[in-house]
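I have placed the structure first, in the form of structure tokens, so that the comments after it can refer back to it.
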Amino acid sequence: MRISRFFIDQPLSTDSAIDINDERAHYIRNVLRLKPGDSLVLFNGQGGEYRAIVSDVSKKTVTAQTTHFDSINRNLSRSITLGLGILKRDAMDLALQKAVELGTSNIQPLITDRVTVSAKQIKTRLQHWQSIATSSCEQCGLNLVPRILEPKPLSEWISSLDEICFIAEPGAERKAFHIEASQSPISILVGPEGGFTDQEVELARESGLQGVNLGTRILRAETAAISLLTLVNQSLLESDSSNF
Ligand code: SAH
């Protein structure tokens, strides 16, 4: 059976007793029904992970004893930033979860002309989005938790880019791409439910973003993000197999 992994927001070291008090304690006790002697993996986002053994289970707290540290890093060797037009609640959650699984290092929520989520709602969701990224890391084995960056307007983000960049755009000519082996970061851009305006596409193109066409069907934004990230993963695999 796969050993469950938990993000612990506190310093960790080997041979120490770690008290887990948040909703994870409930999950460990009532859902996984772990008992003293069962194994866990703990990580705190600083890199690497700790093997641990449950030593005590009480009503509110699960205590685990760390045994050894493994410095394993399952991130891609290239930094990938996903710039994503802010989507409605469930679609955004899904896009973030899958983007993390597919190796995205940073997620930049973007305010574009056709974003329908209000500024007030965006503010209240930041912490929720970060917790989705953390849960996704628990599930997929990443030990460095991707950052959800402070939302910003599309034009501001585009003007700060100086790396290899692609924009998912249904009208683009390019249907496949190749990413040269190098250490340069990669940024990709996907629009919100209503897509980009012509002016936004023009701005992106003028700023050097390369358009990528993901097929003849119009995909939902969350599908487009997954699809483009899969292409990036595939291209990285071809150029540098150490990514896998
Ligand atoms: N309502 C819009 C579609 C928006 S889909 C329209 O009809 O044009 C949301 C985003 O997903 C788009 O902005 C684009 O970034 C991406 N996307 C969807 N389908 C795509 C495709 N076939 N090729 C490239 N990008 C696509």
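- When atom types are taken as modelled, the side chain of S227 and the backbone of A224 share no donor-acceptor pair closer than 3.5 angstrom.
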Test side-chain contact (heavy atoms from CB on, under 4.5 Å) on L236 and R78 and set out the steps. CA-CA 8 Å; L236 290 182; R78 299 276 286 269; 3.9 Å; yes

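- Taking both residues in full, the closest heavy atoms of V190 and A221 are given as CG1-O, 3.6 Å, listed atom of the first, atom of the second, then distance.
- Looking only at side-chain heavy atoms (C-beta outward), I18 and T63 stay at 4.5 Å or farther from each other.
- Rounding to the nearest 0.5 Å gives a distance of 8.0 Å between OG of S79 and CD1 of I186.
- Hydrophobic cluster membership is shared by M92 and I111, with clusters built from Ile, Leu, Val, Met, Phe, Trp and Tyr side chains linked at under 4.5 angstrom.
- Within the 4.5 Å cutoff, side-chain heavy atoms of I218 are placed close to those of P170.
- The CG atom of L209 sits 6.0 Å away from the CG atom of L161 when rounded to the nearest 0.5 Å.
- A distance-only check finds no donor-acceptor pair linking the side chain of T104 to the backbone of N106 [under 3.5 Å].
- I158 and I80 fall into different hydrophobic clusters, where Ile, Leu, Val, Met, Phe, Trp and Tyr side chains are chained together by heavy-atom contacts under 4.5 Å.
- Between Y50 and F69, the angle of the ring planes lies from 30° to 60°, which puts this pair in the tilted group.
- Each of V31 and V41 belongs to its own hydrophobic cluster when Ile, Leu, Val, Met, Phe, Trp and Tyr are linked at side-chain heavy-atom distances under 4.5 angstrom.
- Between the CG atom of L189 and the OG atom of S207 there is a distance of 10.5 Å, given to the nearest 0.5 Å.
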Decide side-chain contact (heavy atoms from CB on, under 4.5 Å) for Y27 and L32; before the verdict, give the C-alpha distance in whole Å, the side-chain angles of both, and the deciding distance to 0.1 Å. CA-CA 6 Å; Y27 183 72; L32 296 176; 3.6 Å; yes

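- Enclosure of atom NZ in K152 by more than 12 non-hydrogen atoms of other residues, nucleotides or ligands within 6.0 angstrom is indicated.
- Put simply, the side chain of Q234 reaches to within 4.5 Å of the side chain of E238, judged on heavy atoms.
- Here R74 contributes atom CZ and C137 contributes atom SG; the two are 11.0 Å apart, rounded to the nearest 0.5 Å.
- Considering only heavy atoms from C-beta on, L142 stays 4.5 Å or farther from F7 through its side chain.
- A donor-acceptor distance shorter than 3.5 angstrom exists from the side chain of N143 to the backbone of I72, with no hydrogens or angles considered.
- Residues T61 and N21 have side chains that bring a donor and an acceptor to within less than 3.5 angstrom of each other.
- By the 6.0 Å contact criterion, CG on N30 is enclosed, its count of non-hydrogen atoms from other residues, nucleotides or ligands being greater than 12.
- Under the 3.5 Å distance criterion, with hydrogens and angles disregarded, no donor-acceptor pair is assigned to the side chains of H68 and D15.
- No donor-acceptor distance shorter than 3.5 angstrom exists from the side chain of E200 to the backbone of L154, with no hydrogens or angles considered.
- Using a 4.5 Å heavy-atom cutoff, the side chains of I20 and I28 are in contact.
- Each of F43 and F6 belongs to its own hydrophobic cluster when Ile, Leu, Val, Met, Phe, Trp and Tyr are linked at side-chain heavy-atom distances under 4.5 angstrom.
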Test side-chain contact (heavy atoms from CB on, under 4.5 Å) on Q46 and L144; report intermediate values, then the result. CA-CA 6 Å; Q46 306 296 312; L144 295 171; over 6 Å; no

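- L94 and V100 are not part of a single hydrophobic cluster, where members link through side-chain heavy atoms under 4.5 Å apart.
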Set out, in order, the CA-CA distance, both residues' side-chain angles and the distance that settles salt bridge (Lys or Arg N to Asp or Glu O under 4.0 Å) for R205 and E202, then state yes or no. CA-CA 5 Å; R205 292 299 197 94; E202 210 177 296; over 6 Å; no

Test side-chain contact (heavy atoms from CB on, under 4.5 Å) on T230 and L102; report intermediate values, then the result. CA-CA 7 Å; T230 305; L102 289 165; 4.1 Å; yes

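- When all heavy atoms of G191 and L87 are compared, the closest pair comes out as O-CD2, 4.2 Å.
- The minimum heavy-atom distance between V62 and A25, with the atom names listed, is CG2-O, 3.8 Å.
- Contact annotation: the side chain of L82 never approaches that of Q108 to less than 4.5 Å [non-hydrogen atoms, C-beta and beyond].
- Taking the side chain as every heavy atom from C-beta outward, P151 and I86 approach each other to under 4.5 Å.
- Taken from CG in N213 to CD1 in I167, the straight-line distance is 12.0 Å, to the nearest 0.5 Å.
- Residues meeting the side-chain contact (heavy atoms from CB on, under 4.5 Å) test with Q130, sequence neighbours left out: A133, T134, V145, I148.
- Atom CZ of R174 has more than 12 heavy atoms from other residues, nucleotides or ligands within 6.0 Å.
- Closest approach of R125 and K88 over heavy atoms only: NH1-C, 4.5 Å.
- One finds the CG atom of N44 at 9.0 Å from the CD1 atom of I8 (value rounded to the nearest 0.5 Å).
- Counted by atom type alone, E163 and S187 present one or more donor-acceptor pairs between their side chains at under 3.5 Å.
- Atom CZ of R24 is surrounded by more than 12 heavy atoms from other residues, nucleotides or ligands within 6.0 Å.
- Within 6.0 Å of the CD atom in Q10, the count of heavy atoms belonging to other residues, nucleotides or ligands exceeds 12.
- Summarising the geometry of S39 relative to I53, their closest heavy-atom pair is OG-CD1, 3.8 Å, with the distance given to 0.1 Å.
- Counted within 6.0 Å of CD on E23, heavy atoms from surrounding residues, nucleotides or ligands total more than 12; the atom is thus considered enclosed.
- Between E49 and R5, at least one side-chain N (NZ, or NE/NH1/NH2) sits under 4.0 Å from a carboxylate O, which counts as a salt bridge.
- Residues L40 and L34 have side chains in contact (heavy-atom distance under 4.5 Å, counting atoms from C-beta outward).
- With F196 as the aromatic partner, R114 does not meet the cation-pi criteria of under 6.0 angstrom to the ring centre and within 45 degrees of the ring axis.
- Between V232 and the options L237, I188, V212, a side chain to side chain contact (heavy atoms under 4.5 Å, CB included) holds for only I188.
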